Amino acid sequence: MNIPFVDLKAQYAGLKGEIDAGIQRVLEHGRFILGPEVEEFETALAEHVGVAHVVSCANGTDSLTLALIAENIGPGDAVFVPSFTFTATAETVLLLGATPVFVDVDAEHFLIDCDDLEHRIAAVRKAGKLTPRAIIPVDLFGLPADYARLTNIAAAHDLFLLADAAQSLGAAANGRAVGGLAPATATSFFPAKPLGCYGDGGALLTDDAERAAVWRSLRGHGTGKAKYDVVRVGLNSRLDTLQAAILLTKLKVFAKEIEARDRLAKTYGAALEGLVKTPSLPDGMRSAWAQYTIQTNDRDRLKSRLGEKGVPTAVYYPLPMHLQTAYRALGGGEGSLPVTERLCGKVLSLPMHPYMDDAVAERILEAVLASV
Ligand SMILES: *Cc1c(COP(=O)(O)O)cnc(C)c1O
């Protein structure tokens, strides 16, 4: 028996009737671009999360890009991002000609370190070469960053706060769902994300109507009221109607799936605590558990032993952004982000999805116990 790392087939088996019918409806009405399901899904997600506006787009990377374009971020601007993240967070900054300034994370929760952030904002101001413009905290592995403190830092320095919630849709902080924790939130519907479609997809969330209107214009080439009078330079970045139809069905079971992920995380935690460093939840936080990531000094050996026992694992991320080939030129270099660099050698993510049955979880845990 092969244990899947993420089991999309099990999810489809449970939803097949409704997903197939949704796809069939789109094939029949034929409005493949911005068909009725797109707006329906945007409204349903806004309601689910408790935000006023959802603007869907082609993928999570574009959602970050669109939000930065809307703030006119470009050459000469500094955008503060963690280095312990997926490529997209920093890539989008560079593509707009702005400069990502990498910030360290905390070793406990893998989230942007607010003390280090303040130091780096001060350093950029002192150097006088770049204008601090935005912070993009990443809710890594599904856990929201410290938005209470980040909001204060952003306000104190007049910075745009954009949540990279590609991994954390479904999570919450003190009762407020991800999507409403920052003035702007970007997310992804990549298939393996907590809420995934069957291809690429993404969205931006906000309570600000003006901001949402600009995003909506930008995702459709920057059109204004008249289709062929473009009022700002935008992108072609729309969520396919087919993907929206699939997401509408998946959204109905999403809350239950997050609960199932949370149960699995608790099962893992109870069995592994003390043996390896298990992820912990700060008070008042709910994680979407995009990944269940442990830390151990013997990571590579544990990974290969688990592989031999048929348990797939993944390393997110083996190399921090600031040490990757395309980003080294930004400076920093080895030793500049010590916690991030250390974590890259210690992290290991175990299979995590809402459809794992107890027997499989048991097998995974036995394999880990026998391998550490
Ligand atoms: C997946 C991911 C993205 C990008 O999403 P895509 O839909 O793949 O473009 C951005 N940031 C983080 C942290 C991610 O995990």
Side-chain angles (χ1 to χ4, degrees), residues 5-6 8 41 45 54-69 79-96 100 102-103 105 109-112 134-145 147 150 161-171 178-179 181-182 184-205 215 219 235-240 242-244 246-247 250 261 279 287-293 314-322 324 326-327 340 343-344 347 349 352-353:
F5 188 70
V6 170
L8 295 175
F41 169 65
L45 182 61
V54 170
V55 178
S56 60
C57 62
N59 56 67
T61 307
D62 278 6
S63 68
L64 293 165
T65 306
L66 288 164
L68 294 181
I69 295 174
V79 178
F80 298 87
V81 297
S83 175
F84 195 54
T85 182
F86 178 65
T87 318
T89 319
E91 166 189 52
T92 174
V93 176
L94 274 174
L95 282 174
L96 294 177
F102 291 114
V103 181
V105 292
H109 301 114
F110 314 108
L111 300 172
I112 195 164
I135 312 167
I136 313 180
V138 177
D139 301 344
L140 204 72
F141 306 144
L143 183 64
Y147 288 99
L150 287 163
L161 182 59
L162 170 61
D164 182 342
Q167 303 183 9
S168 65
L169 203 63
V178 162
L181 299 175
T185 297
T187 197
S188 164
F189 306 121
F190 180 84
K193 303 282 158 120
L195 182 63
C197 58
Y198 291 156
D200 279 309
L204 282 161
L205 298 85
W215 292 343
R219 76 159 178 204
L235 301 180
N236 173 9
S237 183
R238 299 163 301 217
L239 180 69
D240 289 346
L242 279 167
Q243 302 301 346
I246 290 155
L247 286 165
K250 290 202 186 188
R261 286 174 185 272
S287 176
W289 297 113
Q291 304 296 342
Y292 187 89
T293 304
V315 176
Y316 301 119
Y317 297 91
L319 200 59
M321 289 300 305
H322 69 287
Q324 293 183 26
Y327 292 83
T340 296
L343 284 173
C344 287
V347 288
S349 301
M352 166 54 77
H353 63 82

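From a predicted model like this one, the values you see are computed outputs, not experimental measurements. In listed order, ligands and their atoms are each counted from 1. The figures that follow rest on heavy atoms only: side chains count, while hydrogens, waters and symmetry mates do not. All residue numbers refer to positions in the sequence shown, counting from 1.
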May I ask you to list the atoms of ligand 1 that are less than 4.0 angstrom from any heavy atom of A166?
2 (C), 3 (C), 10 (C), 11 (N), 12 (C), 14 (C), 15 (O)

Under 4.0 Å from any heavy atom of T85, which atoms of ligand 1 are there?
13 (C)

Here the atoms of ligand 1 under 4.0 Å from any heavy atom belonging to T61 are 4 (C), 5 (O), 6 (P), 9 (O)

If you apply the rule side-chain contact (heavy atoms from CB on, under 4.5 Å), what do you find for V81 with V138, and how did you get there?
CA-CA 8 Å; V81 297; V138 177; over 6 Å; no

Backbone N or O of A58 within a donor-acceptor pair of the S237 side chain at under 3.5 Å?
yes

Considering the heavy atoms of V138, write down every atom of ligand 1 situated less than 4.0 Å from one of them.
13 (C)

Name the closest protein heavy atom to atom 2 (C) of ligand 1, giving the residue it belongs to and the distance to 0.1 Å.
K193 NZ, 2.5 Å

Give me the residue, atom name and distance of the protein heavy atom closest to atom 6 (P) of ligand 1.
G60 N, 3.4 Å

Return yes if a side-chain donor-acceptor contact under 3.5 Å exists between Y147 and D139, otherwise no.
yes

Which of the ligand 1 atoms, numbered from 1, are nearer than 4.0 Å to a heavy atom of F86
2 (C), 3 (C), 12 (C), 14 (C), 15 (O)

Interfacing atoms of ligand 1 (cut-off 4.0 Å, heavy-atom, S188)
5 (O), 6 (P), 7 (O)

In Å and rounded to the nearest 0.5 Å, what is the CD to OG1 distance from Q324 to T87?
5.5 Å

Please round to the nearest 0.5 Å and tell me the distance separating atom CZ of R238 and atom CD of Q243.
14.0 Å

Hey, can you tell me if F102 and H322 have their rings parallel, tilted or perpendicular (30° and 60° cut-offs)?
tilted

Give the residue, atom name and distance (to 0.1 Å) of the protein heavy atom nearest atom 11 (N) of ligand 1.
D164 OD2, 2.8 Å

Where the closest heavy atom to atom 15 (O) of ligand 1 is concerned, which of Q167, Q291, E91 has it?
Q167

Compute the ring centroids of Y316 and F110, then answer whether they are less than 6.0 Å apart.
no

